[in-house]
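This one's a predicted model, so the numbers in the text were calculated from it and none came from an experiment. Numbers restart at 1 for each chain; the letters A, B, ... are given by sequence-line order, proteins then strands.
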Amino acid sequence: MPTSELQKTYNPADVEDRWYRQWESKGLFHARVTPGKKPYTVVIPPPNVTGILTMGHVLNETIQDILVRWKRMLGFEACWIPGTDHAGIATQNAVEKSLGREGRNRHDLGREEFVKLVWKWREEYGGMIIKQLRKLGTSCDWERERFTMDEGLSRAVNEVFVRLYEKGLVYRGKYIVNWCPFHQTAISDDEVEVVATNGNLYYIRYAVEGSSEQAIVATTRPETILGDTAVCVNPKDARYKHLVGKTAILPIVGRKLPIIADEYIDMTFGTGMMKVTPAHDPNDFILGQRHDLPQINIFDVTAHLNESAPKQYEGMDRFECRKQLIRDLEAGGHLVKMEHYTHNVGRCYRCDTIVEPYLSDQWFVKMKPLAAPALRVVYEGKVRFHPERWQKVYENWIMNIRDWCISRQIWWGHRIPVWYCADLVKPECKEPIVARTAPAKCPHCGTKNLRQDDDVLDTWFSSWLWPMSTLGWPSDTEDLRYFNPTDTLVTAPDIIFFWVARMVMANMEFMKGIPGAHGKPRKSDDELIPFRDVYFTSIIRDERGRKMSKSLGNSPDPLDVIAKYGADALRFTVAYLAPLGQDVLFSTEKCEIGRNFANKVWNAGRFLLMNKLELIGEKPLDVSRLPEEHLDLADRWILSRLNRAIKDFNDALDGFRINEASKVLYDFIWHDFCDWYVELVKTRFYGDETPETKGRVVVRALWIFDKALRLLHPVMPFISEELWQQVASRGDESLVRAEFPAADNRWIDAKTDGEMDFVQKLIEAVRNIRGENNIAPSKDISVHVRLANGAGEQVFESYAQYFRKLVRIENIKILTGSARPRPASSAVVDGTEVFVPLEGLVDIDSERKRLEKEISRLQKLVDSIEQKLGNPQFSEKAPKEIVEKEREKGKNFRASIEKLEGSLAELS
RNA sequence: GGACGCUUAGCUCAGCUGGUUCAGAGCGCCGCCCUUACAAGGCGGAGGUCGUAGGUUCGAACCCUACAGCGUCCACCA
């Protein structure tokens, strides 16, 4: 688009898709193994294949993209691997739901057909989120896109299962697991959400055989008495000692229950007597094993009562049964009482169904042996968490780690690579056959009649391999050697256990066999970790502080937001609002911050390009060299500010302070560059300098703008590229791979900053006088100045042009001696007195108030300084330069006060 | 029950290692301005005892302790 057609208002829709297509088609995001170049690798936390883009993703992916683009421009071989997760339960759910709408269920189809359908479904609707990410501008290496059920990744899953099995770390066991009756599968402890719930505590009376005594137990889940196989008391409990060894009679069922003793029982809870139901409570299960009690499972997989229950309850839903049973117990005189009681109830975190502790055969991973190295590397700071406090959470979890239930009773996922001999010819045939690929026959009896385990693996069993499997593991690939360990993981803290911790374990265990980039086996922890830094993003909440969720309907659709404000605006806003480790309260309107900023940048470019056109013409510009001739204060100052901004931006990103980096950009571009520098440059464009000089000024301004756009690019890739291409002729080059500016300390100059600061304050003082006295902006005024130390008159002269333009001063007079205009409005800046003669315009009262306010502000400062200096301890203990500085400050403030008081006296 | 985080202007939040005119920004509000980049803008202004109470220190928004309110995570006694 020719410069002359630059719109007055930035329109992102004109720009974004066009650039994304170009970047992608030119392969600018593709990373390859490049010896001699340092890699910078990021793996995306793979979103659910069913997922659509949410604000949470926007925050995550924006942060990753900022880091990746920044590193790419810094010269790293930046590799950002995208992909999706098959998300077993969630995806199966979604497909079953759509089946349900046709009045069918998965059992109608059968396993094979159903799985086929899910694959088909994935082809059609899956991976939406991947397309949406492009709208956000993420610079993922799409050639490397992976899916957790890809062939290669599935191979990795089987390999890991077999290796762990061979090492004795995978085992099969009957355990109480968290059973979701809705999904009809076990879920891991971490997938259970515990919610405090109002319920009842029921006291139930059991008769004691051969005795007039009774055993009263308390329970929140009375229906489970049907599975009771004992009653238990604490051996130290004097009340019940004599009952131990006797037999209680289970009401309704009539089963005989031994009364046993165990330290586990809390004597102070309820009656101090507990019913034991080994098949339906994890603690009872352990107790049952210890005392060799039978396990009676009374539920089927949907938590309806099974044939182990008395006939009248068989087939009932668990809660229905509870009601009926209470009625029956009451009728039989077995219900002693019930109390309101708040207890914790576990729910399935995906469907909210109350989880049932359920006895079943499951596969587990022994975690303790894997945990030790994972703890060590974090403890030793090889893997660093940002913010740091998550380290404690991580350590705490690992130190109390429990075995991981990895089997799921669903159909969508990696089927467990275990087969069973169906013929059972020899006794050894009972052994499960664990193999990387389907075995042809039973190794013991040779039959081909084999049956694969029905279960699939927990989704996280593939996710925990992500930083390896996406790079080719278990094969020893160049990619794996070069790009693993990855550098930064950006993820939400709620999956620190599910995912982050397990990735550390997996990488450390399974990368041992893969050489590092140097070609030798990996030995040290530094080479075995999956990533060096973990950035935990904030949680996005709505403006009322509620978590964004589909059910609340409070999560804006990011695509709508992008359509309305632009991707750059959304990215900037989110980055700007996201302090490290703090929640973000987001509302769509906040994107105005980013949109306005984009518009500001756009118009700065528009202004400079318009002037370039006018002064230099259409010919393409070369901004590779900074014109250093005739630098004035403004030039030196903006160069100083620019280089500070570069430094600050880099420092902020090095420390993962994304919001601070964004603020650096905002402040530099808006406040320094636009508000001051561009305004000052105008004095030259419109002044009486030669066309050559003006041309140099515009080239210089564009040179600085070029650097600003490079700085901006990681955060706002689209607008920066669009403008950058127009600033100069770039040939084939894109900003995506342009060099990131390096801070040049030569230009950072405190003296220049100070001088400019003085000028700015003078200008602000005059503006303040104008504003407070309601002087029309169009009215020219004169200013009289008495310099602080008499010196610097020439210096001041050189600023004069700034004043003329920025505060519309037609006449500046340097005062010597004690003369002053009157009536006048006045101010003191760093000891320099400023007078604006205002014949007939000064409102004496308001002028007095202005001066008094300033005096009292200064007086407060003087007071606090004098208090400090008056304290002998201060001058003794505080560092010399601090004391000296305070003394100096006090002196200056007092001098200013005196001058202001002089002006005040003049008023009357 | 345990751990962690937050509390600063009307709103949303910065403030990294205690000392720079440290009490800030954006929005909102008030006043002036369509000044040839931008009204999605410019200029000026009003607004806060930094949750409460102690403590450490020459000096505290910042460090320590307790408390209150809000929030998150973990564990769990039936």
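Across the protein-nucleic acid pair, F893(A) atom CZ and U20(B) atom P stand 10 Å apart, rounded to whole Å. Rounded to a whole Å, the CG atom of N178(A) is 10 Å from the P atom of A75(B). Summarising the geometry, the separation between CD on Q391(A) and C1' on C73(B) is reported as 16 Å, rounded to the nearest angstrom. Y666(A) has its OH atom 6 Å from the P atom of C27(B), to the nearest Å. The separation between E193(A) atom CD and A75(B) atom P is 12 Å, rounded to whole Å. Separating the CZ atom of R770(A) from the C1' atom of C33(B) is a distance of 11 Å, rounded to the nearest angstrom. For the pair R389(A) CZ and C73(B) P, the computed distance is 13 Å after rounding to whole Å. Rounded to an integer number of Å, the gap from M399(A) CE to C73(B) P is 21 Å.
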Contacts under 3.5 Å, N or O only, protein and nucleotides 13-19 of chain B:
none

Table of protein N/O atoms under 3.5 Å from nucleotides 35-43 of chain B N/O atoms:
| from | atom 1 | to | atom 2 | distance (Å) |
| --- | --- | --- | --- | --- |
| A37(B) | OP1 | K682(A) | NZ | 3.3 |
| A37(B) | OP2 | Y686(A) | OH | 2.9 |
| A37(B) | O3' | R606(A) | NH1 | 3.4 |
| A37(B) | O2' | N603(A) | OD1 | 2.5 |
| A37(B) | O2' | R606(A) | NH1 | 2.5 |
| A37(B) | N7 | K682(A) | NZ | 3.1 |
| A37(B) | N6 | C674(A) | O | 3.4 |
| A37(B) | N6 | E679(A) | OE2 | 3.0 |
| A37(B) | N3 | N603(A) | O | 3.1 |
| A37(B) | N3 | A604(A) | N | 3.3 |
| C38(B) | O4' | N603(A) | OD1 | 2.9 |
| C38(B) | O4' | N603(A) | ND2 | 3.3 |
| C38(B) | O2' | N599(A) | ND2 | 3.1 |
| C38(B) | O2 | K600(A) | NZ | 2.9 |
| C38(B) | N3 | K600(A) | NZ | 2.7 |
| A40(B) | O4' | R595(A) | NH2 | 3.3 |
| A40(B) | O4' | N596(A) | OD1 | 3.2 |
| A40(B) | O2' | N599(A) | ND2 | 3.1 |
| A40(B) | N3 | R595(A) | NE | 3.3 |
| G41(B) | OP1 | N596(A) | ND2 | 3.0 |
| G41(B) | O3' | K600(A) | NZ | 3.2 |
| G42(B) | OP1 | K600(A) | NZ | 3.3 |
| G42(B) | OP1 | W670(A) | NE1 | 2.6 |

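Annotation: of the two residues near RNA chain B, T220(A) and K392(A), the 5′-most nearest-nucleotide partner is K392(A). Nearest-nucleotide positions on RNA chain B place K761(A) closer to the 5' end than the other of D281(A) and K761(A).
Not a single ring-ring contact (aromatic ring centres under 6.0 Å, His included) links Y202(A) to another residue, sequence neighbours left out. Shown here are the ring-ring contact (aromatic ring centres under 6.0 Å, His included) partners of F536(A), two or more places apart in sequence or in another chain: F385(A), W390(A).
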As a quick check of understanding, evaluate side chain to side chain contact (heavy atoms under 4.5 Å, CB included) for M610(A) and L6(A), giving each step before the final call.
CA-CA 9 Å; M610(A) 274 163 44; L6(A) 276 190; over 6 Å; no

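To the nearest 0.5 Å, atoms CD1 (I719(A)) and CG (N599(A)) are separated by 7.5 Å. From F705(A), atom CZ reaches atom CG of L723(A) across 5.0 Å, with rounding to the nearest 0.5 Å.
If you check C4(B), A78(B), G26(B) against the side chain of F269(A), the one that comes closest is A78(B). Which of G26(B), C74(B), A75(B) sits closest to the side chain of R402(A) comes down to A75(B).
Comparing the same atom, P, in C4(B) and in A78(B) gives a spacing of 25 Å after rounding to whole Å. C64(B) and G18(B): their C1' atoms are spaced 13 Å apart (whole Å).
Within 4.0 Å (heavy atoms only), Y565(A) reaches no atom of the nucleic acid at all. If you check every strand for non-hydrogen atoms under 4.0 Å, G566(A) touches nothing. At a threshold of 4.0 angstrom between heavy atoms, the contacts of R221(A) with the nucleic acid are absent. Looking at heavy-atom distances under 4.0 Å, N344(A) makes contact with a base. Within the 4.0 angstrom heavy-atom criterion, only backbone atoms of the sugar-phosphate kind lie near E772(A); the bases stay farther away. Heavy atoms of V194(A) sit under 4.0 angstrom from at least one base atom.
A parallel orientation is assigned to the rings of Y341(A) and H343(A), their planes being inclined by less than 30° (bins at 30° and 60°).
For the strand RNA chain B, secondary-structure stems (runs of at least three Watson-Crick or G-U pairs, all distances below 3.5 Å) span B:1-7 with B:68-74, B:10-13 with B:24-27, B:29-33 with B:41-45, B:51-55 with B:63-67.
In this structure, K682(A) satisfies the cation-pi test against F607(A), with its NZ or CZ atom closer than 6.0 Å to the six-membered ring centre and inside 45 degrees of the ring normal.
G47(B) shows a glycosidic angle within 90° of 0 and is accordingly assigned syn.
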Using atom types as modelled, flag every donor-acceptor pair under 3.5 Å from a side chain in residues 224-231 of chain A to any protein atom, sequence neighbours excluded.
| from | atom 1 | to | atom 2 | distance (Å) |
| --- | --- | --- | --- | --- |
| T224(A) | OG1 | R221(A) | O | 2.7 |
| T224(A) | OG1 | K275(A) | NZ | 2.7 |
| D228(A) | OD1 | K275(A) | NZ | 3.0 |
| D228(A) | OD1 | T277(A) | OG1 | 2.8 |
| D228(A) | OD2 | Y206(A) | OH | 2.6 |
| T229(A) | OG1 | P294(A) | O | 3.1 |

